[in-house]
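One structure below.
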Amino acid sequence: MSLKSLIGQSIMAKVPALSEGPFSILKLLGVEHGGIWVESQEFINRTLGYIGVAAAAPESPVLFLPYHQIQFLLTLDSPALSETSLGQDGA
């Protein structure tokens, strides 16, 4: 699976500079050599809240995330596998 195949989908990511929580839900918009382009409504809402402005646009601005700032990415649409279904029940 490549990042480019996930363009247009929602992904989960751990980006400390972007989120105050354990991860962020992002929409992947583009992939480049140095990083990814994403849309993050959570980040925009928080940022606009700091300056006392409400988001009025239906889409949030696009953000560029360099790869070195991303700790992990996780797709939301891939099938979930359990240890039990793979015969690894912990016994």
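We count residues from 1, following the sequence as given.
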Run the numbers on L26 and L65 for side chain to side chain contact (heavy atoms under 4.5 Å, CB included), then give the verdict.
-> CA-CA 11 Å; L26 308 169; L65 296 177; 3.9 Å; yes
*Does the side chain to side chain contact (heavy atoms under 4.5 Å, CB included) test come out yes or no for I36 and L28, once each step is laid out?*
CA-CA 7 Å; I36 59 175; L28 183 62; 3.8 Å; yes
Smallest heavy-atom separation, I11 atom then T75 atom, equals CG2-CA, 4.5 Å
Here the gap from L73 atom CG to Y67 atom OH, rounded to the nearest 0.5 Å, amounts to 8.5 Å
Between the CD atom in Q41 and the OG atom in S24, the distance rounded to the nearest 0.5 Å is 12.5 Å
In short, Q69 meets A17 closest at the heavy-atom pair OE1-CB, 4.3 Å
Heavy-atom nearest pair, S10 first then I25, reads CB-CG2, 4.4 Å
For F64, the side chain to side chain contact (heavy atoms under 4.5 Å, CB included) test, sequence neighbours excluded, returns E32, W37, P66
query: Within a radius of less than 6.0 Å around NZ of K14, do more than 12 heavy atoms belonging to other residues, nucleotides or ligands occur?
result: yes
Scanning both residues in full, the closest heavy-atom pair of G8 with K27 reads O-CE, 3.6 Å
dist L29:CG -> L6:CG (nearest 0.5 Å) comes out at 12.5 Å
